[in-house]
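Report on the following structure.
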Protein chains: 2
Amino acid sequence: MAGLDEGERELWDAWKRSTEGVRARINAEVAGETGLSEADVSVLTHVHDGGGGALRQHELAVAMGWHRSRLSHHLSRMQERGLVTRESVAGGVELRTTTMGRAALLRARPVHAAAVRRHLVDAVPARDRDRLLTLLRLLAD
Amino acid sequence: MAGLDEGERELWDAWKRSTEGVRARINAEVAGETGLSEADVSVLTHVHDGGGGALRQHELAVAMGWHRSRLSHHLSRMQERGLVTRESVAGGVELRTTTMGRAALLRARPVHAAAVRRHLVDAVPARDRDRLLTLLRLLAD
DNA sequence: ACCTAGCCGTTGACACGTCAACGAGGCCGT
DNA sequence: ACGGCCTCGTTGACGTGTCAACGGCTAGGT
């Protein structure tokens with residue numbers, strides 16, 4: 001078959017628009033008010049909340065579903081800005097947040113939560129949330 | 001409130017994983033087999049199928065929900081590769097596909113359709129598709 | 001005619017993501 | 001000890017996305 005039929009095209013279109021839109025809106029809101037990207041917040045949260053203050057880079061990559069090189073690049077930028085430290089230990093690299101990183105995270109958390117609520121959670125009717133969650137998990141594989 | 005509660009976090013997590021995953025899988029499949037990105041296919045489809053062969057850049061930006069500069073950058077790269085032409089006319093720029101662009105699109109269409117089906121459409125149970133479409137349109141605003 | 005305002009598109013700087021190549025260690029079989 | 005292999009991480013090149021600043025053009029008001 002050559003192309004998508006009408007129903008398939010509609011779903012694909014709505015998928016692209018909503019995923020791009022939600023991502024862009026949340027990112028713009030968080031970045032504008034805190035100077036951290038959504039990815040920064042996610043990384044800081046994992047490193048800070050997990051592993052008793054330290055976290056292996058590999059663990060973080062798995063937890064976030066990121067490729068090694070993506071995480072490496074991102075951590076380099078965050079390290080440059082003084083948000084995290086990297087210390088190489090036996091069999092890996094151990095991550096810690098800096099004082100500055102923790103301060104930034106504390107400032108960012110409420111902004112991030114508000115943005116996620118406004119642009120995702122509250123935009124979905126309460127009685128559809130479970131079903132949506134199930135479908136999203138299916139799609140995540 | 002400081003952070004997201006459990007249910008909110010789950011939804012946000014599943015949203016991020018599924019949107020990133022689906023996008024990445026479809027893109028990798030299309031790019032690997034055709035040399036075009038998903039965005040390339042989308043642009044070529046709009047320009048080729050719409051407007052009788054020519055399309056104003058602004059129209060395309062609106063149709064795709066893209067910002068001007070994003071489209072401008074992307075079209076520069078596509079023009080560089082010989083996929084489209086730009087001709088400035090009164091009050092805008094008119095886009096056309098090149099012979100090469102049309103050939104690439106014809107090759108890519110079935111691959112793109114198959115990827116979208118495999119990674120999105122067919123991964124959603126048939127009886128949930130309408131509800132998902134409705135929710136996605138809500139989120140797209 | 002002039003000025004202002006708005007729309008359309010481009011550009012440059014920079015953040016982000018992906019891929020493929022590389023390198024450092026650890027581990028295992030011989 | 002050696003060689004091969006795997007895992008973990010880095011790097012460079014390149015494509016992509018965003019933001020802010022700019023230039024050209026058009027339309028309206030005076």
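The basis for the numbers below is simple: all heavy atoms, side chains too, and nothing from hydrogens, waters or symmetry mates. Throughout, protein chains are lettered first and strands after them, A, B, ... in sequence-line order, and every chain is numbered starting at 1. All values reported here derive from a predicted model rather than from experimental measurement.
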message = How close do A/Ile26 and A/Ala115 get, counting heavy atoms only, and between which atoms?
response = CG1-O, 3.8 Å

Spacing of [X] atom [atom1] relative to [N] atom [atom2], expressed in whole Å:
| X | N | atom1 | atom2 | answer |
| --- | --- | --- | --- | --- |
| A/Gln79 | C/dA15 | CD | C1' | 17 Å |
| A/Asp40 | C/dC14 | CG | P | 18 Å |
| A/Arg77 | C/dC14 | CZ | C1' | 10 Å |
| A/Glu20 | C/dG17 | CD | P | 13 Å |
| A/Leu71 | D/dT11 | CG | C1' | 15 Å |
| B/Glu38 | C/dT18 | CD | C1' | 16 Å |
| B/Glu87 | C/dC8 | CD | P | 18 Å |
| A/Asn27 | D/dC19 | CG | C1' | 13 Å |

query = Quick one: does A/Thr19's side chain get under 4.5 Å of B/Ser18's, heavy atoms only?
reply = no

inquiry  = I'd like to know if B/His67 reaches the base of C/dG9 with its side chain, counting only an N/O donor and acceptor under 3.5 Å.
reply    = no

task = Examine the base of D/dT10 for any acceptor or donor lying under 3.5 Å from a partner atom in the side chain of A/His73, and report the outcome as yes or no.
result = no

request  = Would you check if the side chain of B/Asp13 reaches a backbone N or O of B/Glu10 as a donor-acceptor pair within less than 3.5 Å?
outcome  = no

task = Using the six-membered ring wherever Trp is involved, compare the ring planes of B/Trp15 and A/Trp15 and label them parallel, tilted or perpendicular (cut-offs 30° and 60°).
result = tilted

message = Please compare A/Val93 and A/Ala24 by the position of their nearest nucleotide in DNA chain D and report the one closer to 5'.
response = A/Val93

Nearest to side-chain heavy atoms of [X], which nucleotide of [options]:
| X | options | result |
| --- | --- | --- |
| B/Trp66 | D/dG17, D/dT16, D/dT18 | D/dG17 |
| A/Ser69 | D/dT11, C/dG9, D/dG15 | D/dT11 |
| B/Ala28 | D/dG9, C/dT10, C/dC19 | C/dC19 |

What's [X] touching, base or sugar-phosphate or nothing? Going by heavy atoms closer than 4.0 Å.
| X | result |
| --- | --- |
| B/Arg56 | nothing |
| A/Ser37 | sugar-phosphate |
| A/Arg81 | nothing |

ask   = Between atom CZ of A/Arg137 and atom CG of B/Leu11, what is the distance when rounded to the nearest 0.5 Å?
value = 9.0 Å

task = Please determine if a side-chain N or O atom of B/Arg70 lies less than 4.0 Å away from the OP1 or OP2 oxygen of D/dG17.
result = yes

query = C/dT10 phosphate, OP1 or OP2: any side-chain N/O from B/Arg68 under 4.0 angstrom?
reply = no

key: 5' precedence on DNA chain C between B/Arg23 and A/Ala90 (nearest-nucleotide basis)   = B/Arg23

